[in-house]
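Working notes for the structure below.
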Amino acid sequence: MIIKPHEKNIYSLKLEALGRRTDEYHRDKRNIQDEIVKTKSGIKGEHAVSYPLSFLTPEDYLILHNLRVPSLQSHFEVDTLIPSRKFFLLVEVKNWYGTLYFDGENQVIRVGDDGKEEGLPNPIPQVKLQRYRLQLWLNQQNFPQIPLLYFVVFSSPSTIIKPLFPGNPIPKEVIHSNLLFHRIKELNRQYRDPIIEMNMLQQISSKLLAVHAPYDNNVLKKFNVDRSELIKGVFCQQCLSVPMERLNRKWHCRNCNHFSTNAHIPALNDYYLLFGEKITNREAREFLMVDSPEVIKNLLQNSGYSYTGNTRSRFYRLVLK
């Protein structure tokens with residue numbers, strides 16, 4: 001049973017908004033683009049395990065995706081946690097390409113299509129640390145002791161996994177995603193006796209959901225982008241030119257002559273992602289590049305954004321649409 005499905009990755013959405021709003025000559029444009037690609041690749045890999053997990057019987061296994069739990073003055077993240085009555089399984093998903101050479105639990109070397117070698121952090125110690133922190137959390141909540149197991153799952157079937165040295169085999173917990181279902185069934189046969197009841201399992205999962213805190217980061221600060229450096233205006237939905245003009249209650253693109261009634265919504269989504277949910281009439285005028293306070297007032301209210309305060313101190317509360 002899926003208790004926590006894959007959720008929108010707010011960090012990824014923030015990165016994409018920042019990528020749209022920084023011009024190609026910005027000093028950190030390449031770093032922003034690289035982070036967007038890296039984050040999207042990770043999300044794609046995490047979703048790849050959904051298919052093999054769909055064959056698990058819902059009455060025997062719970063599934064929590066993208067879990068982030070407070071522990072030791074910080075948080076730890078688990079790509080997918082699968083609680084059952086016999087064991088808990090942590091699944092760390094990697095969407096790495098090329099040929100991977102494992103030196104046991106030491107460094108991983110990746111060789112890409114161009115033959116270039118790259119050293120990568122071994123995911124085994126990473127997931128072991130997640131397991132340790134989850135065990136601490138369970139102990140703090142006075143939940144019963146239960147085996148905490150893990151797999152490192154590579155989502156791409158084209159990824160080749162090899163031992164770096166012939167006498168040092170690949171850790172048995174490292175698998176491709178197509179083996180995940182079968183390896184879980186093997187664990188189920190290995191751990192024969194249930195340890196906790198289903199109501200306790202539900203209680204633990206509910207507690208984990210209650211403390212879950214999605215990863216959220218200030219991307220402007222992370223990439224040292226000043227507010228004044230961002231591209232302002234409404235993007236054309238057809239040709240991506242900016243800014244569109246507000247003419248006769250519609251948005252007009254001078255470049256391709258496209259008209260739109262709601263092109264301001266994606267722009268306000270970008271504002272929400274980069275600056276937060278609160279926006280004043282003046283801030284909206286500046287960001288959308290519209291001079292008239294009355295036009296902005298009508299746009300915000302007719303688009304369904306709630307507001308607080310009187311005319312002079314009013315701010316609107318944005319939501320993602």
Side-chain angles (χ1 to χ4, degrees), residues 6 9 12 30-31 33-56 61 63-68 76-82 84 86-135 147-191 215:
H6 290 288
N9 190 305
S12 177
R30 179 62 181 271
N31 291 334
Q33 291 173 329
D34 288 347
E35 185 72 2
I36 290 172
V37 171
K38 175 185 172 183
T39 303
K40 282 188 172 181
S41 176
I43 294 171
K44 181 180 178 182
E46 291 168 9
H47 283 259
V49 302
S50 295
Y51 179 70
L53 294 183
S54 68
F55 294 98
L56 295 177
Y61 302 93
I63 299 173
L64 296 92
H65 293 295
N66 311 124
L67 197 60
R68 187 168 179 266
F76 69 93
E77 301 180 27
V78 180
D79 289 342
T80 297
L81 178 66
I82 306 174
S84 75
K86 300 178 180 179
F87 56 83
F88 280 24
L89 179 66
L90 295 85
V91 179
E92 176 68 20
V93 185
K94 298 297 183 185
N95 190 23
W96 292 351
Y97 64 91
T99 300
L100 303 175
Y101 292 91
F102 269 78
D103 180 12
E105 295 188 11
N106 299 314
Q107 189 181 43
V108 174
I109 297 174
R110 174 169 63 185
V111 179
D113 295 336
D114 57 0
K116 183 179 178 181
E117 290 187 354
E118 177 187 10
L120 298 173
N122 194 313
I124 294 290
Q126 176 187 349
V127 72
K128 279 187 171 182
L129 181 58
Q130 293 167 354
R131 179 181 65 175
Y132 170 75
R133 298 182 74 178
L134 177 60
Q135 185 65 73
L148 300 183
L149 313 176
Y150 63 86
F151 285 129
V152 172
V153 176
F154 288 93
S155 59
S156 174
S158 64
T159 302
I160 300 171
I161 306 172
K162 293 183 175 182
L164 184 61
F165 304 108
N168 197 1
I170 300 166
K172 65 180 185 304
E173 294 86 3
V174 174
I175 62 174
H176 279 101
S177 58
N178 64 334
L179 290 176
L180 181 57
F181 169 77
H182 304 289
R183 294 296 295 274
I184 293 174
K185 299 305 286 184
E186 289 176 9
L187 291 176
N188 191 58
R189 290 190 292 270
Q190 179 181 347
Y191 292 84
Y215 178 67

- Quick one: do Lys172 and Arg183 satisfy side chain to side chain contact (heavy atoms under 4.5 Å, CB included)? Show the steps, please. CA-CA 10 Å; Lys172 65 180 185 304; Arg183 294 296 295 274; 4.3 Å; yes
- Task: Show your reasoning for whether side chain to side chain contact (heavy atoms under 4.5 Å, CB included) applies to Ile184 and Leu53.
- Result: CA-CA 9 Å; Ile184 293 174; Leu53 294 183; 3.8 Å; yes
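Between Phe88 and Ser84 the shortest heavy-atom distance is CE1-O, 3.7 Å. The shortest non-hydrogen separation linking Ser177 to Ser155 is OG-O, 3.5 Å. Of all non-hydrogen atoms in Gly119 and Gln107, the two that sit nearest each other are CA-NE2, 3.6 Å. Nearest heavy atoms, Thr80 versus Ile82: CG2-CG1, 4.0 Å.
Between atom CG of residue Leu134 and atom CG of residue Leu148 there is a gap of 5.0 Å, rounded to the nearest 0.5 Å. In this structure, CZ on Phe55 lies 12.0 Å from NZ on Lys185, to the nearest 0.5 angstrom. Distance check, rounded to the nearest 0.5 Å: CG of Leu56 to CG of Leu180 gives 7.5 Å. Between atom CD of residue Gln190 and atom CG of residue Leu149 there is a gap of 7.5 Å, rounded to the nearest 0.5 Å. In this structure, CZ in Phe154 is found 9.5 Å from CD in Glu92, a value given to the nearest 0.5 Å. Here the CZ-CD1 distance, from Arg110 to Ile160, works out to 13.5 Å after rounding to the nearest 0.5 Å.
Side-chain contact between Val108 and Pro123 is present, with heavy atoms from C-beta onward closer than 4.5 Å. Inter-residue side-chain proximity for Tyr150 and Ile124 is flagged as met; some heavy-atom pair is nearer than 4.5 Å. Residues His65 and Glu46 fail the side-chain proximity criterion, which asks for heavy atoms closer than 4.5 Å. No side-chain heavy atom of Ile170 sits less than 4.5 Å from a side-chain heavy atom of Leu100. Within the 4.5 Å cutoff, the side chain of Leu187 has heavy atoms near those of the Phe151 side chain. Under the 4.5 Å side-chain criterion, counting only non-hydrogen atoms from C-beta, Tyr97 is not in contact with Ser156. At least one side-chain heavy atom of Tyr101 sits less than 4.5 Å from a side-chain heavy atom of Thr99. Contact check for Leu89 versus Tyr61: no side-chain heavy atoms found under the 4.5 Å cut-off.
Heavy-atom contacts from other residues, nucleotides or ligands closer than 6.0 Å to CZ of Phe87 number more than 12. In the displayed structure, Tyr132 atom OH is contacted under 6.0 Å by at most 12 heavy atoms of other residues, nucleotides or ligands.
A donor-acceptor distance shorter than 3.5 angstrom exists from the side chain of Lys86 to the backbone of Asn188, with no hydrogens or angles considered. Side-chain atoms of Thr39 do not come within 3.5 Å of backbone N or O of Ser12 as any donor-acceptor pair. A donor-acceptor pair under 3.5 Å is absent between the side-chain atoms of Asn95 and the main chain of Ile43, judged by distance alone.
When Val91, Asn178, Val174 are each tested for a side chain to side chain contact (heavy atoms under 4.5 Å, CB included) with Val153, only one passes: Val91. With Gln126 as the fixed residue, the side chain to side chain donor-acceptor pair (under 3.5 Å) test singles out one of Arg131, Glu77, Lys94: Lys94.
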